[in-house]
Q: 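What follows is a single structure, and I will ask about it in a moment.
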Amino acid sequence: MTDVKNIKAPPRRRGRPRAFDRDEVLARATETFWRLGYEGASITDLTAAMGITPQSLYSAFTSKAELYREALGWYQSHVEATTARALEEDDVGMALARVLNDSAHEFTRPERPRGCMISMAVLACAVENQPVAQHVSSLRNETLDALKARIARGVDEGQLRPGTDVAALARFVGAMIQGMSVQAQDGASKSALSAMANLAIAEIERHRV
């Protein structure tokens, strides 16, 4: 019979904890923030989704706020990149139409949370989370600036009328994107959002030369 007292416990592992794929855990964190919101996603929610311990989370990302910033960056490079590609179209009308139609598609993909993570992120929050809200607001303004720049280029290249109110048209397109995001979260289908996009595209076409 084996003497239990003489059985030695396995030696404890020393050194750094097991490494993880940073891009993979960021993708999981992004999905959690996207689905639950910044304040709604707890550290427990995040670590469960990411498959890491709270200690590993803080060691790798320093704080929930910094993790959120990196998640927003992941979202921009992996999901919102379609907007940047669309704005590269040579024709401004086609570029804006593609932005709107891509939004209708992306906001209703069944394997993802609905809507846009950035459009509706941290619109209202606790006072201590204001720096996070300001960061997200700056990202929305970057998108607005990109729309303004593309529309201004369309005017300069003679595709849109010289008297076009560039800022107002950019805000109109931005408001449509945010509105489509809200509608998607409320259950609107891709076809319903595409119909909204078509109305917006018709308005843009009215500014053609």
Q: Does NZ or CZ of Lys64 fall inside the cone over Phe33's six-membered ring, less than 6.0 Å from its centre and within 45° of the axis?
A: no
Q: Show, in sequence, the C-alpha distance, side-chain angles and deciding distance for Arg112 and Glu31, and conclude whether the side chain to side chain contact (heavy atoms under 4.5 Å, CB included) test is met.
A: CA-CA 8 Å; Arg112 292 177 175 170; Glu31 192 276 338; over 6 Å; no
Q: Is Asn101 reaching over with its side chain to a backbone N or O of Ala97, donor-acceptor style, under 3.5 angstrom?
A: yes
Q: If every non-hydrogen atom of Met120 is compared with every non-hydrogen atom of Leu123, which pair is closest and at what distance?
A: CE-CD1, 3.4 Å
Q: Does any N or O in the side chain of Thr47 come within less than 3.5 Å of the main-chain N or O of Thr44, such that one atom is a donor and the other an acceptor?
A: yes
Q: Taking atom types as modelled, is there a side-chain donor on Ser191 or Ser194 under 3.5 Å from an acceptor on the other?
A: no
Q: Does any N or O in the side chain of Asp45 come within less than 3.5 Å of the main-chain N or O of Ser42, such that one atom is a donor and the other an acceptor?
A: yes
Q: With a 4.5 Å cut-off on side-chain heavy atoms, are Val155 and His207 touching?
A: no
Q: If you take all heavy atoms of Ala124 and Glu39, which pair is closest and at what distance?
A: O-OE1, 4.4 Å
Q: The criterion is ring pair (Phe, Tyr, Trp, His ring centres under 6.0 Å); which residues satisfy it with Phe107, sequence neighbours excluded?
A: none
Q: If only atom types and distance count, is the side chain of Glu106 paired as donor or acceptor with the main-chain N or O of Thr82 below 3.5 Å?
A: no
Q: Less than 4.5 Å apart, any side-chain heavy atom of Glu66 and any of Tyr58?
A: no
Q: Backbone N or O of Val166 within a donor-acceptor pair of the Arg171 side chain at under 3.5 Å?
A: no
Q: Heavy-atom distance under 4.5 Å between the side chains of Leu26 and Leu67, does that happen here?
A: yes
Q: Any donor-acceptor pair under 3.5 Å linking the side chain of Tyr75 with the backbone of Met117?
A: yes
Q: Please tell me if the side chains of Ile201 and Leu96 come closer than 4.5 Å, counting only heavy atoms from C-beta onward.
A: no
Q: Out of curiosity, Thr108 OG1 to His105 NE2, how far, rounded to the nearest 0.5 Å?
A: 7.0 Å
Q: Atom OH of Tyr68 and atom CD of Glu70: how far apart are they, to the nearest 0.5 Å?
A: 14.0 Å
Q: Decide yes or no on salt bridge (charged side-chain N to carboxylate O under 4.0 Å, His left out) for Glu89 and Arg98, but give the supporting numbers first.
A: CA-CA 9 Å; Glu89 291 276 0; Arg98 184 174 162 189; 3.1 Å; yes
Q: May I ask you to check whether over 12 heavy atoms, not counting those of Gln55, lie within 6.0 Å of atom CD?
A: no
Q: Mind listing the closest non-hydrogen atom pair of Ala65 and Val132 along with its distance?
A: CB-CG2, 4.0 Å
Q: Decide if atom CZ of Arg208 counts as having more than 12 heavy atoms of other residues, nucleotides or ligands within a radius under 6.0 Å.
A: yes
Q: Please tell me whether Leu46 and Val136 are part of a single hydrophobic cluster in this structure, the criterion being side-chain heavy atoms less than 4.5 Å apart.
A: yes
Q: Please report the closest heavy-atom contact between Val92 and Arg150, naming both atoms and the distance.
A: N-NH2, 3.3 Å
Q: Check step by step if side chain to side chain contact (heavy atoms under 4.5 Å, CB included) holds for Leu169 and Asp165.
A: CA-CA 6 Å; Leu169 188 56; Asp165 189 331; 6.0 Å; no
Q: Of the non-hydrogen atoms in Ala49 and Arg28, which two are nearest, and what is the gap between them?
A: O-CD, 2.9 Å
Q: Hey, what do you get for OG (Ser103) to NZ (Lys190), rounding to the nearest 0.5 Å?
A: 12.0 Å
Q: Of all the heavy-atom pairs spanning Ala86 and Val99, show the shortest one and how long it is.
A: CB-CG2, 3.7 Å
Q: More than 12 heavy atoms of other residues, nucleotides or ligands under 6.0 Å from CG of Asp23: is that the case?
A: yes
Q: Looking at Gln185, is its backbone amide N or carbonyl O close enough to the side chain of Arg114 to form a donor-acceptor pair, meaning the two atoms are under 3.5 Å apart?
A: no
Q: Are Leu193 and Ser189 packed together at the side-chain level, in the sense that at least one heavy-atom pair is separated by less than 4.5 angstrom?
A: no
Q: Taking C-beta and beyond as the side chain, do Ile177 and Ser119 meet within less than 4.5 Å on heavy atoms?
A: yes
Q: Are any side-chain N or O atoms of Arg140 and backbone N or O atoms of Ile118, one a donor and one an acceptor, separated by less than 3.5 Å?
A: yes
Q: So does Cys116 get a backbone contact from the side chain of Ser181, meaning a donor-acceptor N/O pair under 3.5 Å?
A: yes
Q: Given side chain to side chain contact (heavy atoms under 4.5 Å, CB included), test Phe172 with Ile151 step by step and report yes or no.
A: CA-CA 12 Å; Phe172 169 74; Ile151 293 168; over 6 Å; no
Q: From Gln183 CD over to Met176 CE, what is the distance, rounded to the nearest 0.5 angstrom?
A: 9.0 Å
Q: Hey, is the main chain of Pro131 close enough, under 3.5 Å, to the side chain of His135 for a donor-acceptor pair?
A: no
Q: Could you check if a side-chain atom of Glu24 sits within less than 4.5 angstrom of a side-chain atom of Met50, using non-hydrogen atoms only?
A: no
